[in-house]
Amino acid sequence: MVSLYQSQNKIYPRSVSGLFTHWRWGFVFLTQLVFYGLPWLQWGQRQAVLFDLGARRFYIFGLVLYPQDFIYLTGLLVISALSVFLFTAVAGRLWCGYACPQTVYTEIFLWIEHQVEGDRSARMRLDGAPMSLEKIVKKWFKHFLWAMVAGWTGFTFVGYFTPIHELGMEFLQTRMGSWEVFWVIFYGFATYGNAGFMREQVCKYMCPYARFQSAMFDKDTLIVTYDSVRGEPRGARSRKDDPVALNLGACVDCSLCVQVCPTGIDIRKGLQYECIGCGACADICDTVMDKVGYARGLIKYSTQHAIEQRWTRSQTLRHVLRPRVLIYTVILGAICLGLLVSLALRTPLKVDVVRDRGVMARIVAGGQVENVYRLQLMNATESAQNYRITVSGLSGLTVTSENLVSVDATESRWVGVRVQMPYDAAPAGSHPIQFEIAAQGSPARVSEKSVFLVPR
Ligand code: SF4
Ligand code: SF4
């Protein structure tokens with residue numbers, strides 16, 4: 001019988017230290033400082049970063065965004081996609097190896113596992129040992145710590161959508177809403193499962209980026225590479241042996257590069273899609289090279305061209321800065337600049353005009369034609385504002401309802417607006433008009449189009 005699925009072989013990555021490991025931990029601290037810390041920051045009277053889906057308002061420090069500002073989210077997504085293209089063209093799976101949540105949380109969970117159960121060999125021994133009190137205590141304690149981290153991660157995630165101070169009080173008083181409880185458990189469970197159990201399986205089988213990233217690589221992309229020209233033929237030897245006399249390359253075949261790999265692959269077999277570019281194998285191999293007294297860099301960030309043509313580091317870097325990278329950089333820079341300028345020039349007032357469907361057009365006292373509209377005024381500033389509503393586009397057109405409207409800070413308000421015009425000022429039919437909404441005491445001004453109907 002042929003199985004369509006490969007059974008999972010549990011991977012026990014050996015702990016490692018070195019330059020790339022330090023970088024990875026640096027990113028773990030940085031990303032988690034931002035993720036766990038941001039919801040607790042205050043901005044005036046409110047949470048600095050809050051995505052209030054119920055009120056349809058996003059608060060990002062001084063910015064108050066409405067659903068009408070969706071274009072900025074689109075801009076952010078385009079910037080993220082282009083950044084991935086750029087970083088991948090320069091240095092392969094930098095995102096995967098250093099900043100992807102899957103890598104970051106797996107690193108944290110592995111660290112806890114290492115602290116509780118020991119390094120690779122101790123963990124393998126513990127898993128192979130029969131059940132004992134020590135095994136139960138260690139396993140239980142590890143899962144308890146994992147659950148704490150996962151729960152806190154789920155709580156923080158929900159804290160981006162519900163004010164986190166209130167959420168904390170609700171949690172302490174056991175009166176959290178059912179949706180909040182659901183999302184804390186859901187996100188916490190996803191973290192627990194992905195970082196504690198699925199780990200490299202997510203990168204190998206679930207992540208779409210792993211599938212298409214090879215389309216963004218070329219022979220001048222920096223990737224974690226084994227220098228087979230220098231390393232082969234591999235073989236064990238003592239420190240005193242002369243590898244030339246033994247016809248051996250620099251690889252001592254210690255297999256440590258395989259033991260530290262979080263996806264369990266052997267980088268000496270060449271570039272494989274499972275490699276997340278974390279550099280752990282480069283770090284451990286440098287340690288081995290130091291021990292045996294050989295030059296570092298048997299496994300290193302290099303390009304296929306550099307390895308084949310034996311380029312120096314500066315030659316390699318010169319080729320990395322190729323036209324494709326420069327084009328990505330220019331486009332990315334232009335979009336970032338455009339987004340920043342657009343945010344800086346953004347009018348902190350949004351207006352929606354809706355014709356009142358119940359009242360098409362009518363003749364009122366004094367021989368005036370009247371149309372009724374509903375205006376939604378969205379104040380995107382941190383202070384209450386008064387807005388004056390005027391209308392133009394036809395002669396004699398005036399707003400006859402209340403035309404000075406007050407809207408509280410960061411609030412939106414629907415107002416009914418009656419517009420009148422002398423009956424004979426325009427022929428029967430539909431006429432384009434414009435509403436002008438101007439903030440009092442500030443230059444914010446918005447113009448919105450609509451139509452004015454004149455009945456026969
Ligand atoms: S760590 Fe280096 S020396 Fe050891 S097997 Fe891997 S490539 Fe060879
Ligand atoms: S092969 Fe090296 S760089 Fe790639 S995932 Fe394994 S340890 Fe990380």
Side-chain angles (χ1 to χ4, degrees), residues 9-25 27-28 87-88 90-100 102-107 110 114 119-120 195 198-207 209-211 213-214 217 221-239 241 243 246-304 307:
N9 293 321
K10 188 169 177 191
I11 294 170
Y12 298 85
R14 179 188 279 269
S15 61
V16 58
S17 86
L19 178 68
F20 301 116
T21 307
H22 291 147
W23 272 105
R24 196 164 50 262
W25 273 104
F27 275 98
V28 169
F87 296 142
T88 310
V90 171
R93 296 175 72 177
L94 275 185
W95 164 256
C96 301
Y98 297 90
C100 172
Q102 181 61 24
T103 301
V104 165
Y105 288 106
T106 300
E107 197 76 25
L110 261 174
H114 179 97
D119 201 4
R120 174 184 155 88
M198 296 178 72
R199 295 187 176 172
E200 79 288 346
Q201 306 282 307
V202 174
C203 310
K204 278 166 130 176
Y205 304 117
M206 291 165 69
C207 177
Y209 177 52
R211 307 282 150 180
Q213 40 115 5
S214 58
F217 282 22
T221 300
L222 285 167
I223 42 176
V224 178
T225 320
Y226 167 68
D227 187 346
S228 56
V229 177
R230 199 187 133 199
E232 300 296 319
R234 68 186 78 156
R237 82 287 310 258
S238 81
R239 275 199 69 173
D241 289 337
L246 294 171
N247 191 28
L248 287 175
C251 175
V252 300
D253 207 12
C254 60
S255 84
L256 285 176
C257 50
V258 183
Q259 294 179 30
V260 296
C261 179
T263 62
I265 59 169
D266 185 346
I267 191 69
R268 295 172 299 171
K269 291 180 182 163
L271 178 63
Q272 294 146 75
Y273 84 91
E274 295 97 331
C275 174
I276 58 168
C278 66
C281 51
D283 278 341
I284 197 78
C285 190
D286 279 349
T287 315
V288 175
M289 293 295 108
D290 288 349
K291 277 196 185 133
V292 293
Y294 299 166
R296 288 178 159 213
L298 180 57
I299 300 176
K300 61 184 173 188
Y301 271 98
S302 187
T303 69
Q304 272 177 276
I307 294 284

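Just so it is clear, the structure is predicted and the values come from calculations on it, not from any experiment. Just follow the structure's listing: the first ligand is 1, and inside any ligand the first atom is 1.
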Cys257 backbone or side-chain N/O/S under 2.8 Å from atom 8 (Fe) of ligand 1: no
Counting only N and O atoms by type, is there a donor-acceptor contact under 3.5 Å from the side chain of Thr103 to the main-chain atoms of Gly97? no
Closer than 4.0 Å to some heavy atom of Val224 - which atoms of ligand 2 meet that? 3 (S)
Between ligand 1 and Gly231, can you find any atom pair, the residue atom being a heavy atom, that is separated by under 4.0 Å? no
Identity and separation of the nearest protein heavy atom to atom 3 (S) of ligand 1: Val252 N, 3.5 Å
Under a 3.5 Å distance rule, please check whether Gln102 uses its side chain to pair with a backbone N or O of Arg199 as donor and acceptor. yes
Neighbour count above 12 (heavy atom, 6.0 Å) for Lys10 NZ: yes
Return yes when at least one N/O/S atom of Cys251 is nearer than 2.8 Å to atom 4 (Fe) of ligand 1, and no when none is. no
Of all protein heavy atoms, the one nearest atom 6 (Fe) of ligand 2 is Cys261 SG, 2.3 Å
Within a distance under 4.0 Å of any heavy atom of Arg268, pick out the atoms of ligand 1 and give their elements. 5 (S), 7 (S)
Test item, Ile276 contacting ligand 2 (heavy atom, 4.0 angstrom): yes
Picking from Asp227, Thr225, Ile223, Thr221, what satisfies side-chain contact (heavy atoms from CB on, under 4.5 Å) with Ser302? Thr225
Within the side chain of Gln272, is there an N or O that forms a donor-acceptor pair under 3.5 Å with the backbone of Asp266? yes
Report, in ascending order of atom number, the atoms of ligand 2 lying under 4.0 Å from any heavy atom of Ile267. 1 (S)
So which bit of Ile299 gets within less than 4.0 Å of ligand 2, heavy atoms only: side chain, backbone, both or neither? neither
min-distance protein heavy atom vs atom 8 (Fe) of ligand 2 -> Cys278 SG, 2.3 Å
Please tell me if the side chains of Phe20 and Val224 come closer than 4.5 Å, counting only heavy atoms from C-beta onward. no
If the cut-off is 4.0 Å to any non-hydrogen atom of Gly277, which atoms of ligand 2 fall inside it? 3 (S), 4 (Fe)
Is it the case that atom CH2 in Trp23 sees more than 12 heavy atoms from other parts of the structure closer than 6.0 Å? no
Can you list the ligand 2 atoms lying under 4.0 Å from a non-hydrogen atom of Ile265? 1 (S)
Under 3.5 Å, is there a donor-acceptor pair between the side chain of Asp286 and the main chain of Asp283? no
Considering non-hydrogen atoms of the protein only, which is the closest contact for atom 2 (Fe) of ligand 1, and what is the distance? Cys285 SG, 2.4 Å
Do any N or O atoms from the side chain of Arg93 and from the backbone of Tyr273 form a donor-acceptor pair under 3.5 angstrom? yes
May I ask you to decide if Arg234's main-chain N or O and Asp253's side chain share a donor-acceptor pair within less than 3.5 Å? no
Nearest neighbour of atom 4 (Fe) of ligand 2 from the list Cys281, Cys203, Cys275, Gly279, on a heavy-atom basis: Cys275
